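A quick write-up on the structure given underneath.
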Amino acid sequence: MDSNRFSWIDKELLRLKKEGLYSPPKVIEATKGVYIKISGRKLINFCSNNYLGLADDKRLKLAVKKAIDEFGIGPAAVRTISGTTKLHTDLERKLAQFKKVNKVLTFQSGFAANLATIPAIVGEGDIIFSDELNHASIIDGCRLSKAEITRFSHCDFVDLERKLKRQKNSKRKLIVTDGVFSMDGDIAPLPHFVDLTQKYNCILMVDDAHGEGVLGKNGRGIVEYFNLHGKVDIEVGTMSKAFGVVGGYVAGSAQLIEWLTQRGRQFLFSSAMTIADTAACLEAIKILEKSDSLIKKLWNNTNYFKENMQIMGFDIGKSQTPIVPVLLGDAKKAFEFSKLLFERGVFAKAIGYPTVPPGKARIRVIISAAHSKSDLNKALRAFEEVGKIFKVI
Ligand SMILES: *Cc1c(COP(=O)(O)O)cnc(C)c1O
């Protein structure tokens, strides 16, 4: 690589480091439940999306081993050529039952599911109404579609209606929102969006990535939580969070799913989910269907942690879920704060721009059913000590 032509990269990286926005990944050397080892130090993990502790569940491991013996490791093809095994169709059937929809189509990830779906549904001449804090994969899906994009204020259905009124005559209209917002832990006002969808004849799409395994009966997600079955046209989901695996899906009508098998580019041109991931997801759903004990534990842990953080005086924003943003403002401060937590055995990474807006840096804690009371107490003590050092409480 010609060093002169790419010297701008060095400059940009240096700037990120100066502004405290450079975030290299930490390497995990070992994992056991919520305990991880980084740089030889044992830590409690407070920033993974492993809401239910399924990421190293014995039952999932066993299902994966069995499936690999039977089907091998990789599908070695896209779904339409020879990448569809019985495991894939079993998973799709099971997911459709779980989400109480007609049909489901799986993708390699939630990101891929959004990229595949939005451009298949809207295009030039159409208009998308997108929450200003939607996930990057929704934003990219919208851009790929070539439809006009109108952003509405975060969760603001009044602003959305104002914008819908101005567009009465455009062709297809898509309203798209995260279900649970991953950086703030607040929940989209989905019933209001359903009303607007009906009033203005729109298509409604919700990305339930952080709602699955967390909200609604047995963790069925946001549609179940608000009891809106049959009223949301497109649900995108991920199995990379509460399910503890990796994979994405779209849930909806048979017609929608059939269309995506013909027009979803990530379905047509990228290999199918691996055998291991597919088998693990299938097992995760079986576990959730059978019992809601993990979900109960998750919410007990969440309430305990949040109550105590608030009593201590931390600003944890408007979270309604196990996502707990500990708001600190300045990115450098958040990164230093995280470092001191690390020294106290608590792994909770700081998050700054561009993942959150400038000046809104935070430590994002995610509570898991796998945390014990003593893990939670240890974290609370660490937050108290470091919070006092930084004079934020
Ligand atoms: C995490 C997330 C995704 C991406 O899911 P992956 O399966 O990890 O690709 C998509 N949408 C939202 C809202 C998310 O939080």
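These numbers come from a predicted model, not from an experiment. In each ligand, atom 1 is the first atom listed, and ligand 1 is the first ligand listed.
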Handout entry: Which residues share a side chain to side chain contact (heavy atoms under 4.5 Å, CB included) with Thr274, sequence neighbours left out
Key = Ala276, Asp277
Completion exercise
Nearest non-hydrogen protein atom to atom 9 (O) of ligand 1, with distance, is Phe111 N, 3.0 Å
Exercise for the section: Would you mind running through ligand 1 and noting each atom that sits below 4.0 Å from a heavy atom of His210? Expected result: 15 (O)
Fill in the blank from the handout: ligand 1 atoms nearer than 4.0 angstrom to some heavy atom of Ser137 are 10 (C), 11 (N)
Handout entry: Check: Asp178 N/O within less than 3.5 Å of ligand 1 N/O
Key = no
Practice task
Flag Ala209 as yes when one of its N or O atoms lies below 3.5 Å from any N or O atom of ligand 1, and as no otherwise.
Solution key: no
Exercise for the section: Quick one: look up the protein heavy atom nearest atom 6 (P) of ligand 1 and list residue, atom name and how far away it is. Expected result: Gly110 N, 3.4 Å
Handout entry: Contacts of type side chain to side chain contact (heavy atoms under 4.5 Å, CB included), residue Glu289, not counting sequence neighbours
Key = Lys94, Gln97, Phe98, Arg220, Ile285
Handout entry: Atoms of ligand 1, numbered as shown, that sit under 4.0 Å from any heavy atom of Thr238
Key = 5 (O), 6 (P), 7 (O)
Handout entry: Side-chain donor-acceptor pair present, Asp375, Ser372, cut-off under 3.5 Å
Key = yes
Handout entry: Tyr51 and Glu212: side chain donor to acceptor below 3.5 Å
Key = no
Exercise for the section: Say whether Arg79 and Thr106, considering side chains only, have a donor N or O and an acceptor N or O under 3.5 Å apart. Expected result: yes
Problem - Distance-only donor-acceptor check, side chains Asp131 and His154, under 3.5 Å - result: yes
Completion exercise
Numbered in order shown, the ligand 1 atoms found under 4.0 Å of a heavy atom of Ser240 are 6 (P), 7 (O), 8 (O)
Exercise for the section: Tell me whether the guanidinium CZ or amine NZ of Lys373 lies under 6.0 angstrom from the six-membered ring centre of Tyr304 and within 45° of its axis. Expected result: yes
Exercise for the section: Determine whether any heavy atom of Gly248 lies closer than 4.0 Å to an atom of ligand 1. Expected result: no
Exercise for the section: Just let me know how Met239 lines up against ligand 1, side chain, backbone, both or neither, with a heavy-atom cut-off below 4.0 Å. Expected result: neither
Exercise for the section: Look at atom 2 (C) of ligand 1 and say which protein heavy atom is nearest, naming residue and atom and giving the distance to 0.1 Å. Expected result: Lys241 NZ, 2.3 Å
Problem - Residue and atom name of the nearest protein heavy atom (relative to atom 13 (C) of ligand 1), distance in Å to one decimal - result: Asp207 OD2, 3.3 Å
Handout entry: Within-4.5 Å side-chain heavy-atom neighbours: Arg162 and Val158
Key = yes
